[in-house]
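Working notes for the structure below.
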Amino acid sequence: MKHRIIKIIITGFIIVLAFIIQSFLSLSGSRLVATPNLLLLVTCIFGFMRGRNYGSVTGLVCGLLVDIFFGDIIGLYALIYMYVGFFSGLFRKMFYSDHVFMPMLLIFTGDFVYNLACYTFRFLLRNKLDFSFYFEKIIFPEMIFTTFITFVLYKLFYLLNEKILTEQQGSTLSFDK
């Protein structure tokens, strides 16, 4: 029980930290460089390392933060992040410690799906049909930058995940010793 509370606190701290950094970067005023989607990165990596349920809940919390602080309606981003976390969790069986390619691929496609859903619900339904401009100026640079940040931060997330898992395994009884 104590381990579960510690895991929730650490995950919550990571989500809040990613939200603060992402908000600061996107509100800083410089529009020359795309900003990485750190909340999507956290959602995909936690879903990939810990499974569908953990990815869904992490995505729901991340999406609700975005909805509450920046969204027009409550629930749109929560739903998108939740689905991205769920589908990232489907690939948990392919989780290997030293391979960074699969998380990068998941975040690359997750970011594309996220931005495509945002385009569909925020622009396409309002008859703004210039997808090529949106893809060239927003989707593609964000996908590249978020994937690059994944390459840099993945090992840190992996080490944190291993630290949490080793604490849990050390406190359980085992008959193999």
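This is a predicted model, so every value here is computed, not measured. Start at 1 with the first residue, then count along the sequence.
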Can you list, pair by pair, the side-chain donor-acceptor contacts under 3.5 Å of residues 14-21, counting residues two or more places apart and other chains?
none

task = Please answer whether the main-chain N or O of F48 pairs with a side-chain N or O of R92 as donor and acceptor at a distance below 3.5 Å.
result = no
Donor-acceptor list for residues 67-87 side chains, cut-off 3.5 Å, not counting sequence neighbours:
residue	atom	partner	partner atom	Å
D67	OD1	Y77	N	3.1
D67	OD2	G75	N	2.8
D67	OD2	L76	N	3.4
D67	OD2	Y77	N	3.4
D67	OD2	A78	N	3.1
D72	OD2	R122	NH2	3.0
Y77	OH	R122	NH1	3.3
Y81	OH	N37	OD1	3.0

note = Residues P36 and I149: closest non-hydrogen pair is CB-CG1, 4.0 Å
ask   = How would you list, by chain and number, every residue that makes a side chain to side chain contact (heavy atoms under 4.5 Å, CB included) with F131, sequence neighbours excluded?
value = L116, Y119, F135, I139
Side chain proximity check, I9 to I5, heavy atoms < 4.5 angstrom = yes
query = Any donor and acceptor pair, going by atom type alone, linking the side chain of T109 with main-chain N or O of L106 inside 3.5 Å?
reply = yes
ask   = Once you round to the nearest 0.5 Å, how far does OH of Y114 lie from OG1 of T43?
value = 10.0 Å
Note, I6 side chain near K2 side chain (heavy atom, < 4.5 Å) = yes
inquiry  = More than 12 heavy atoms of other residues, nucleotides or ligands under 6.0 Å from CZ of F123: yes or no?
reply    = yes
query = So does F140 have more than 12 non-hydrogen atoms from other groups sitting under 6.0 Å from CZ?
reply = no
ask   = Can L60 be reached from I8 by stepping across I, L, V, M, F, W or Y side chains whose heavy atoms are under 4.5 Å apart?
value = no
key: Heavy-atom side-chain contact between R126 and F121 under 4.5 Å   = no
message = To the closest 0.5 Å, what do you measure between CD1 (I107) and CE (M102)?
response = 11.0 Å
query = Under 3.5 Å, is there a donor-acceptor pair between the side chain of N115 and the main chain of D111?
reply = yes
request  = Measure the spacing between CD1 of I138 and CE of M143 and express it to the nearest 0.5 Å.
outcome  = 13.5 Å
remark   = Interatomic distance, CG@N161 vs CZ@R50, rounded to 0.5 Å, equals 5.0 Å
key: Non-hydrogen side-chain atoms of L40 and E142 separated by less than 4.5 Å   = no
message = Do F112 and F148 sit in one hydrophobic cluster, given that two such residues count as connected whenever their side-chain heavy atoms are within less than 4.5 Å of each other, even indirectly?
response = no
query = Same cluster or not: are L41 and F108 linked, directly or through other Ile, Leu, Val, Met, Phe, Trp or Tyr residues, by side-chain heavy atoms under 4.5 angstrom apart?
reply = no
ILVMFWY network linking V113 to I45, side-chain heavy atoms under 4.5 angstrom = no
Under 3.5 Å: donor-acceptor pair, side chain of Q22, backbone of L38 = yes
key: Residue N53 excluded, over 12 heavy atoms near CG under 6.0 Å   = no
Main-chain N/O of S23 paired to S26 side chain as donor or acceptor, under 3.5 Å = yes
ask   = Are F151 and I144 connected in the hydrophobic side-chain network, where two residues link if heavy atoms are under 4.5 Å apart?
value = no
query = Atom OH in Y158, atom NZ in K155: separation rounded to 0.5 Å?
reply = 6.0 Å
note = One should read off an interatomic distance between M104 CE and Y154 OH, to the nearest 0.5 angstrom, of 11.5 Å
